[in-house]
Amino acid sequence: MAGHDHEGSHLDDMTARVMAIETVLTEKGLVDPGALDLIVETYENRVGPRNGARVVGRAWSDRDFADWLGRDATAAIASMGFAGRQGEHMTAVFNAPGRHNMVVCTLCSCYPWSVLGLPPSWYKSAPYRARAVMEPRAVLAEFGVTLPEGTEIRVWDSTAEQRYLVIPERPAGSDGLSEAALADLVTRDSMIGTGLARAPSEGGR
C-alpha cells in the first residue's frame, strides 16, 4: 500500500461478482461503461463527500450543532437532509490537538454513503483493512499525514450497525470564513481520517 493507490491485489467476493456482472452487461450492450463510470465518479467524489463537507462546515461554525452532532450524529445529519440507506446509526468522532481519529471496516466495506458517497477502492482493500488497525501511523504516513509525536490515534471499526464520520480539526486561519467556505476546506479523506482539512491558502475544490 503506497501513496493513495491502496488497491489490494485480491478482490473480495462481492467486488469480483459485481465486476463480472458489469462485464457481462457491457458485452451484451446493456450498459454504457462511460455512463457507469460517470455515475460512480459523481457519487464517489462529488455528491457524497460534498454532503459530509457541509456537515463539517456547520459543526465548525455552529457550536450548538457540533454538540448535537456529538450526542446524536444520525439526527443531526438527517436534519440537513442527508439520511437514508447506509446513513443510519452514525457517530461523529472529533479530531483535536493530541487526538486523531481514523475509520476502517475490518470485515467488509461499511461506509456512510449519505455523507461520503461510495467508498474509494483503497478503503475496501485488504491491505488497508488490516494495516489501519495494526499500524495506523504508518498507513497515515503513506497518505501524507505525519502527526506530532505523542498524538493518540484512535481507529474506529465501522459496521452495519455503526458508521463513523471524522470531524477534522478546523484549520488555522479559517476564522471569519462562512459555513460554505469552510466546507470547501473539507476533503473526503479528512472525513475518513486518512487526510487533513485544507488550509485556507490552499483554496477549495
Side-chain angles (χ1 to χ4, degrees), residues 1 4-8 10-18 40 43-56 58-59 66 68-96 99-143 145 147 151-169 186-197:
M1 189 164 70
H4 283 68
D5 184 12
H6 290 230
E7 186 73 34
H10 296 88
L11 299 175
D12 58 64
D13 288 344
M14 182 61 70
T15 301
R17 290 175 185 175
V18 170
V40 171
Y43 278 91
E44 185 176 62
N45 297 311
R46 299 180 189 177
V47 177
R50 186 62 184 172
N51 291 348
R54 288 178 57 193
V55 172
V56 174
R58 178 166 295 184
W68 185 16
L69 193 63
R71 295 192 311 271
D72 188 347
T74 304
I77 292 169
S79 76
M80 297 183 66
F82 310 138
R85 191 166 182 269
Q86 308 298 329
E88 314 94 338
H89 315 300
M90 291 293 301
T91 295
V93 290
F94 293 73
N95 286 352
R99 184 177 70 245
H100 185 89
N101 296 285
M102 182 177 173
V103 181
V104 66
C105 178
T106 56
L107 294 179
C108 50
S109 58
C110 293
Y111 192 77
W113 293 8
S114 60
V115 286
L116 292 185
L118 299 176
S121 58
W122 54 260
Y123 182 85
K124 300 178 287 185
S125 71
Y128 177 78
R129 286 157 49 192
R131 295 185 58 221
V133 174
M134 300 299 296
E135 45 182 351
R137 190 173 292 272
V139 171
L140 288 173
E142 292 172 10
F143 277 93
V145 177
L147 301 173
T151 298
E152 177 190 7
I153 302 175
R154 297 181 180 178
V155 181
W156 302 87
D157 193 357
S158 186
T159 68
E161 290 75 34
Q162 196 68 59
R163 293 178 173 83
Y164 298 92
L165 176 69
V166 174
I167 309 301
E169 284 192 79
V186 182
T187 67
R188 179 199 63 194
D189 286 7
S190 72
M191 294 182 284
I192 300 173
T194 53
L196 304 175

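Judged purely by atom type and a 3.5 angstrom limit, R129 has no side-chain atom pairing as donor or acceptor with the backbone of V104. In this structure, S190 contributes its side chain and G195 its backbone to no donor-acceptor pair below 3.5 Å. Panel note: side chain H100, backbone G193; a donor-acceptor pair is recorded below 3.5 Å.
Remark: T106 engages D157 in a side chain to side chain donor-acceptor pair (under 3.5 Å) (not counting sequence neighbours). Scanning for side chain to side chain donor-acceptor pair (under 3.5 Å) contacts around E152 gives R154, with sequence neighbours left out.
For the atom pair CZ (F82) and CG (L165), the distance works out to 11.0 Å, reported to the nearest 0.5 Å. Separating the CZ atom in R137 from the CD1 atom in I153 is a distance of 4.0 Å, to the nearest 0.5 Å. Atom CZ in R99 sits 11.0 Å away from atom OG1 in T151 (nearest 0.5 Å). The structure places OG1 of T159 at 8.5 Å from CG of L107, a figure rounded to the nearest 0.5 Å. For the atom pair CD1 (I167) and CG (L69), the distance works out to 5.0 Å, reported to the nearest 0.5 Å. Note that CG of L140 is 8.5 Å distant from CG of L196, once rounded to the nearest 0.5 Å.
Here the closest heavy-atom approach between residue K124 and residue S109 is recorded as CG-CB, 3.3 Å. Closest non-hydrogen pair, M102 versus P136, comes out as SD-CB, 4.0 Å. Minimum heavy-atom separation, S158 to Y111: OG-N, 4.3 Å. Contact detail for C110 and C105: the closest heavy-atom pair is N-SG, 3.2 Å. In plain terms, the two heavy atoms of P120 and R188 that are nearest each other are CB-NH1, 3.6 Å. Between E142 and R131, the shortest heavy-atom contact is OE2-NH2, 3.0 Å.
Looking at V166 and N95, their side chains come closer than 4.5 Å, going by heavy atoms from C-beta outward. Looking only at side-chain heavy atoms (C-beta outward), P168 and V56 come within less than 4.5 Å of each other. Using a 4.5 Å cut-off on side-chain heavy atoms (C-beta onward), W122 and D189 make contact. Considering only heavy atoms from C-beta on, V115 stays 4.5 Å or farther from M191 through its side chain.
Note: Y128 and Y123 have tilted aromatic rings, judged against thresholds of 30 and 60 degrees for the angle between ring planes. Relative ring orientation between Y164 and W156 is described as tilted, the plane-to-plane angle lying within the 30° to 60° band.
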